[in-house]
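Here is how names work: the chains are called A, B, and so on, in the same order as the sequence lines, proteins then strands, and each is numbered from 1.
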Number of protein chains: 2
Amino acid sequence: MQLAEAKAKFIADWGRFGTNWGINRTMAQIHALLLISPDPLSADEVMEELSISRGNVNMNVRELIDWGLVQKVIVPGERKEFFTAEKDIWKVARQIVKERKKRELDLMIPVLKELSDVEGDKRDKAVKTFTDTINNIRKFSDQADRTLDTMIRADEHWFLGSLMKLFGGKRD
Amino acid sequence: MQLAEAKAKFIADWGRFGTNWGINRTMAQIHALLLISPDPLSADEVMEELSISRGNVNMNVRELIDWGLVQKVIVPGERKEFFTAEKDIWKVARQIVKERKKRELDLMIPVLKELSDVEGDKRDKAVKTFTDTINNIRKFSDQADRTLDTMIRADEHWFLGSLMKLFGGKRD
DNA sequence: ATAAACTTTCAATAACTTTTGAAAGTTCAG
DNA sequence: CTGAACTTTCAAAAGTTATTGAAAGTTTAT
């Protein structure tokens with residue numbers, strides 16, 4: 001395959017997969033474009049390459065920066081802002097896990113705590129099933145919370161390296 | 001909090017969180033309702049409890065069954081079908097991981113393979129950055145693939161049990 | 001074979017999300 | 001200060017996804 005074709009395909013595919021991960025299609029496409037660009041790109045270049053509007057580029061780049069996946073780069077002597085993506089995919093994965101934990105698990109835990117003390121007779125089947133279910137979800141979430149914190153804190157190589165050893169995967 | 005209030009809140013919250021996980025709101029709400037119901041419910045009961053249409057219940061229950069999170073239950077002497085959800089939250093998590101792997105990672109891996117051999121001079125910076133990026137994503141995906149397979153195959157207790165020990169989490 | 005009890009489908013429509021582009025805002029060199 | 005170069009905002013339009021409900025289909029009891 002030629003580079004231009006492969007590039008277009010990668011951008012389209014990454015965009016498609018992104019939608020499964022709570023990242024909108026355009027945001028994922030911009031991310032893909034920046035991932036495979038050797039040098040930082042300006043908003044105009046992104047507009048041009050993906051045929052999307054200025055407002056759309058601005059909005060989605062801002063969100064990628066929020067997610068910690070893209071950085072602004074100041075090029076000396078240039079007035080424009082340029083953007084570049086973290087190329088190390090392990091760091092990208094770690095960053096995504098970190099953000100999703102923050103946006104999902106950290107919000108869920110207090111909600112579950114609140115739900116865990118319903119008034120009522122424990123011998124009532126409906127009450128018992130409810131509290132048991134909530135408590136199981138709580139235990140699970142607390143565990144996941146601690147595990148993810150450890151993973152996020154851990155050094156990149158250690159992080160999945162140890163995990164792989166444990167599960168019998170082979171490091172290259 | 002009273003049971004009825006807690007129930008309503010749990011259903012609303014689970015629905016909200018579900019949307020972050022590729023599960024639509026109604027589907028997650030039905031799942032929540034079945035999780036906290038001591039006995040299997042009929043389509044009519046789900047319609048009634050959640051104030052949604054028959055078609056909507058049917059569609060989403062079917063999808064929950066596809067995901068392996070809900071089962072049909074035949075109650076002897078009853079014409080209707082009843083539905084019940086897996087209550088063990090570790091099994092639920094395992095099932096979700098399994099399905100998402102099937103729907104996402106398994107589709108991604110062949111796409112990456114195809115993209116990994118672009119023609120062109122490796123000394124060309126654009127070609128080099130592209131192939132390096134794709135190859136890094138491939139290594140990562142292959143590793144994730146093997147790890148998830150191992151986790152899915154593993155026995156429930158072992159699965160996160162060992163993981164927790166490794167990462168210093170505390171089992172209850 | 002019939003009809004009642006139930007389940008499934010699907011086209012219309014409602015709800016939600018994304019995109020655009022023009023206007024407003026900001027920054028900076030001269 | 002001024003105006004050119006750039007970035008950001010936001011309301012309207014387009015696009016996407018979910019929901020309804022009535023019609024079609026299926027199963028079961030008699």
Using a 6.0 Å distance limit plus a 45 degree cone around the ring axis, check whether A/R62 lies over the aromatic ring of A/W67. no

Among A/N56, A/V57, A/L50, A/V46, find the residue that satisfies the side chain to side chain contact (heavy atoms under 4.5 Å, CB included) test when tested with A/T26. A/N56

Select one nucleotide: of C/dT20, D/dT19, C/dT8, the one nearest the side-chain heavy atoms of B/N60. D/dT19

Looking at B/Q71, I want to see if its CD is surrounded by more than 12 non-hydrogen atoms of other residues, nucleotides or ligands under 6.0 Å. yes

Does OP1 or OP2 of D/dT7 have a side-chain N or O of A/N58 closer than 4.0 Å? no

Is the phosphate of C/dT19 approached by A/T26 (side-chain N or O, under 4.0 Å from OP1 or OP2)? yes

Any chance NZ of A/K98 has more than 12 other-residue heavy atoms, nucleotides or ligands included, within less than 6.0 Å? no

Excluding sequence neighbours, so at least two apart, what forms side-chain contact (heavy atoms from CB on, under 4.5 Å) with A/K113? A/R138

Where the side chain of A/R62 is concerned, which of C/dT20, D/dT9, C/dT19 is the nearest nucleotide? D/dT9

Once base and sugar-phosphate atoms are separated, protein heavy atoms under 4.0 Å mark nucleotides 21-30 of chain C, 5' to 3', with B, S and - as B-----BB--

Rounding to 10°, can you tell me the angle the first-five-pair axis of the helix from C/dA1-D/dT30 to C/dG30-D/dC1 makes with its last-five-pair axis? 20°

Step through the shown structure and confirm whether more than 12 heavy atoms of other residues, nucleotides or ligands are within 6.0 Å of NZ on B/K128. no

Can you check the B/R16 CZ to D/dA18 P distance for me, whole Å? 18 Å

